[in-house]
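Written out below as structure tokens is the structure these notes cover.
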Amino acid sequence: MHDASGGPGHTFEFDPPNTGVQTLVLRIQCATAWNLARRILGDADAEHTSLTNAAKQFSDLISDDISSAASYNEQEWRRACLVLTYSAGVANYWLQDVIDFRESRSELIRDYAKAEAVLRQIHQPLFKINTFLAVDEDVLSSHREAFNTAAATLLRDYNRRGDDLKDTLIETARERATMLEEGPETKNLKEMVEAGVLGWSAYNILGAHEDIPLPVTEAEAVKLSRELEPYLNGDKEPNDRFYEILATITAVSTRAALLQEANRSHFGNPRNLGEEEIAFLEKFYEELEGMTPHGIVRIVPWLEGDDGPEWNPEQRRAFMSSVADGLITLSDEGIGGGQDKLPNSTQRLANGLPATTWEEDKGRFDWLSDKVFENGLRPFTESALGIHELGWKPTGSLQWLQDAVEFSDLIQHTSTDLHGGTEFSANLTLSTGHHIDNITGDVLKEPRSHLDELLKINLIEDPQIPLSDLLDVTTRNEQANYDILTGERSHPGHDIDDPRSEGMPEFKENSQALLGLYAHNWDDDGKAVAGLTDWIPEFAQGTPEQAQMAGEATVALMETLAGGEHGQPFHDTHEVDSSDHNRAVTEINPKLTESFNKIYLTYEDDFILNSKTNEYGAVSFSDEGLLLHTSGENALQLTRNTKQGFLQLLIADDDNVASIVAATELLELRTIDAAIGNTTEGAAGMAGAKVSTLRNLVHNAMIAEYDSRDMDSEDARQRAADEWQTSFNIRVAINNGLLGEIPYAGGVAASTGEVALRFNEVSDKEKFLEEWDEDARKREQERKQEWESEHGEDAPSTDFVNTDGANFHAQLQLLQIYLDRDAIDPQTLKEKGFLPDQHDVDKDPVHPAVVETVSENPEGNFPRLVKLLEEAGETSELSGGHEDWVKDYLEWVEKSYYPEVHVPKSLKQW
């Protein structure tokens, strides 16, 4: 440009500040830093991308020569590698900063040139003067003045931008220097990973435990899925890159498992995966869904079939483990995922919908052509049955269960450290229960078609059915289990408008799904389905929020299991034994019984509380008072029917009766012991009433169970009496150490009751009980002979299931406590005739069972033993200052014991 007098205008040159950093030298320095990092790993020839471009185990990065050295310390080596890698990363970061600065500077110069060109266009008369034509000097002067002013302003603006750019670079240099000085702190590592400088190196060196974002994005998911496609198509054999792709998925799910564990004990303040990490998984599974013929739900049959890739078992397992882990991670809304982010086939399965219609996928059931019914039907083929003509086709439930079986083949490979999301887990558990209940309730009783019957046999009666593996995964989410048990979450399929819905469940009450799950005869004895409740004892002892969850879930569970006016479906299932007795769910699945036992032992103290409603909340001091609780303490408050119905379910398992009753005996002892020395007015009567009320519950539960098996009323009472006698023997043996230490007693639900349940694991228990029974029979025979000799008539029988028996048993329980407290001396018992003449108090154990049949008056109140107890209980330490303590206790035992009257079989209405 020329100045105003000699030409168009001034010359305005734009040359923003540059940097003297030499990028070539800097690149060499970066390479040197990465060389040092490689040397520390023992691999000087490898590219630094081996450390940064894929997720790997640190043990796979370090050379064998180093890791096998005697002086090798992995933690120190990790630290050294991290420092060098970090330093190289900062150098790379600075190199990229300089490159970015120079690119920005060049772009700024280009922008200035464009802006100046616009000014020239506006003021063209200055630059396009025709020398042959006269130009008005006033016009030129006006343009010249305007142009010079605008150009100067433009230059000032761009000079400022250039200065800002250089200042930013200088500030960035200070920041990088500070990063070097601070070292590999978490905030610095996060920044460098997000900037794409470190790649996978920080994860590979530090592992998943560090809170550092993973270098994954939605774009990376598309790239990896495209790389994976040739392996799935069989065009490429699995190689190192194949495993690197899987390792990327595993890295995200490993991080997820750590977050889930942290979130488990921090209610209301969850930590999530990063948005990029969730977006990566969502996109990856969206792409993978489209690469398989029938979606991810049915990917395993395809992988293992003729149309799938020819992988060996190890390659298939590696693929399924990574895919299963990532899928379960993506389902968890607690760490940023959710069911709505899952691929479509998986969402449909969780919501209870079959993947395809029968018409869409007839070939899936080709195995039917080889089946023949026992009644002589010819082989099953489409033409033989006329499937289309007669409309015979699988029900929706059977189709869904086939999908679930195939999905279970995938999901069983999920790491045990992971759990699915609440919505996904609850929906899939409920879907399983509803569909099983649907086919057992309909197909079992009235098959819709021969095809249904064959599918039922294949899916439900096959002992290898892997749905227990699916439930093992879905029941890991405690919140989902809580939602199912309490009804907080119901199945989403109340109203299904879908072509796949023919023959589908109604998906209404959660109790129907629970019945389907609990009443099915699982090949693992119900271990997986017990996961719905196995978490309760642990949570009951956990944080206040966890305890609240456990208590509310238990109330809802017991209310559901106990049954009501519409019957007891969990007590009387479709399963029958050899005597045509409808088995209870606890008889069908022993692991379910174990889970319910632990819940009972966790809350057994609450069974002495009385309530007209079922709820979990704070108890208050009422007229009856509190013995094992304090006012304001949270507890189960259950109705009599709910408690009795739940106990009956436990007692339905014959192998479980003695242990449950023995545990109840120990609860009685603790209740009495809590009242002894209690200065509260009426504490003795309180204890007596609660002990008898508890005994009523168990007696009535036992009699109701045996009565339901078509026993005569008297037979039912006798069976209950026999079982209680055995349980008393067990309790005495445990309480007095006659069997030594009971194995495995302890843990979350540790209590004297658990010791009673563990009695079944004692190797000498049968021998002990046989000897005890023989000794008891001998003592009973001697008692009867002495009575008949003295009174000239038959001796009355002893029976724990009557008022006198309960009264005497209450005395024996009190005697046990007085013996434990040394309030009664064994030598005194011997002198007063309560022990056999041959009994050596210094060697032989002294316990209530020895005293059981020595009273002079076995038909009534056993006055000699009562007197002994009253004398021992007169001290203020035992009576709490109430001289009639023992009398009040026994009086309330008798007042409160009223077992139900059962109608003899001959008078029952059928």
Side-chain angles (χ1 to χ4, degrees), residues 485-486 536-537 539-541 544 547-564 596-651 660-661 663-676 678 680-701 749 751-754 756 806 810 813 888-889 892-893 895-900:
L485 295 174
T486 60
I536 289 177
F539 268 47
Q541 307 298 323
Q548 187 73 24
M549 280 179 64
E552 291 173 355
T554 299
V555 169
L557 173 72
M558 291 185 177
E559 194 169 32
T560 298
L561 295 178
F596 293 166
N597 280 345
K598 290 176 182 177
I599 292 173
Y600 171 60
L601 294 175
T602 299
Y603 294 105
E604 61 180 343
D605 288 3
D606 300 349
F607 272 62
I608 70 172
L609 297 173
N610 295 324
S611 178
K612 294 181 179 179
T613 58
N614 292 317
E615 61 180 319
Y616 177 79
V619 296
S620 59
F621 191 88
S622 62
D623 293 338
E624 65 175 359
L626 300 171
L627 289 175
L628 300 181
H629 301 79
T630 57
S631 186
E633 175 186 350
N634 285 335
L636 306 186
Q637 298 174 65
L638 305 169
T639 65
R640 174 178 167 275
N641 288 338
T642 297
K643 288 185 284 190
Q644 182 176 313
F646 180 71
L647 286 171
Q648 182 182 339
L649 201 60
L650 299 184
I651 288 166
I660 287 296
V661 178
T664 304
E665 287 255 350
L666 291 164
L667 175 58
E668 288 180 6
L669 279 177
R670 292 193 298 109
T671 303
I672 300 166
D673 192 57
I676 291 178
N678 192 319
T680 303
E681 185 69 32
M686 225 190 296
K690 288 184 181 296
V691 164
S692 275
T693 300
L694 188 62
R695 182 172 292 266
N696 275 331
L697 283 174
V698 181
H699 279 169
N700 289 338
S751 67
T752 51
E754 183 178 358
Q813 293 280 60
D888 290 345
Y889 161 69
W892 276 97
V893 165
K895 279 182 181 179
S896 304
Y897 183 74
Y898 41 88
E900 291 179 354

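Model, not experiment: these values are computed from the prediction.
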OH on Y897 to NE2 on H699, rounded to 0.5 Å: 4.0 Å

Option passing side-chain contact (heavy atoms from CB on, under 4.5 Å) with L638 (candidates V555, D606, T613, N610): V555

For A556 against T486, the heavy-atom pair lying closest together: CB-CA, 3.8 Å

Shortest non-hydrogen contact between L628 and A674, atoms and distance: CD2-CB, 3.8 Å

Short side-chain to backbone donor-acceptor contact, N614 and T639, under 3.5 Å: yes

Exercise: identify the closest heavy-atom pair between L667 and E604: CD2-O, 3.2 Å

M558 vs I599, side chain to side chain contact (heavy atoms under 4.5 Å, CB included): CA-CA, chis, key distance, verdict: CA-CA 10 Å; M558 291 185 177; I599 292 173; 4.0 Å; yes

Residue pair A540 / Y603: nearest heavy atoms and the distance that separates them: CB-OH, 3.4 Å

Test salt bridge (Lys or Arg N to Asp or Glu O under 4.0 Å) applied to D888 - qualifying residues, sequence neighbours left out: none

Validation row: E665, R695 side chains within 4.5 angstrom (heavy atoms): yes

Backbone of A810 reached by a side-chain donor or acceptor of Y889 within 3.5 Å: yes

Gap between atom CG of N700 and atom CD of Q648 - 0.5 Å precision: 10.0 Å

Student check: side-chain heavy atoms of L650 and F646 closer than 4.5 Å: yes

Main-chain N/O of G688 paired with K895 side-chain donor or acceptor, under 3.5 Å: no

Aromatic plane relationship, Y600 with F607 - under 30° parallel, 30 to 60° tilted, over 60° perpendicular: perpendicular

Beyond-backbone contact of L609 with L636, side-chain heavy atoms, under 4.5 angstrom: no

Non-neighbouring partners of V661 that pass side-chain contact (heavy atoms from CB on, under 4.5 Å), sequence neighbours left out: V657, V698, M702, W724, S727

Any donor-acceptor pair under 3.5 Å from D673 side chain to L669 backbone: no

Contacts of T630 that satisfy side-chain contact (heavy atoms from CB on, under 4.5 Å) - sequence neighbours left out: E633

Least distance between heavy atoms, W892 atom then A689 atom: CB-N, 3.9 Å

4.5 Å side-chain heavy-atom contact, S692 and V893: yes

L694 side, atom CG; L647 side, atom CG - distance, nearest 0.5 Å: 8.0 Å

Distance-only donor-acceptor check, side chains N678 and T680, under 3.5 Å: yes

Nearest-0.5 Å distance, OG1 of residue T554 to CZ of residue F596: 10.5 Å

Heavy-atom pair of closest approach, residues I672 and A687: CA-CB, 4.4 Å

Euclidean distance, D605 CG relative to T671 OG1, rounded to 0.5 Å: 7.0 Å

Distance in Å, Q644 CD paired with N696 CG, rounded so as to fall on 0.5 Å steps: 9.0 Å

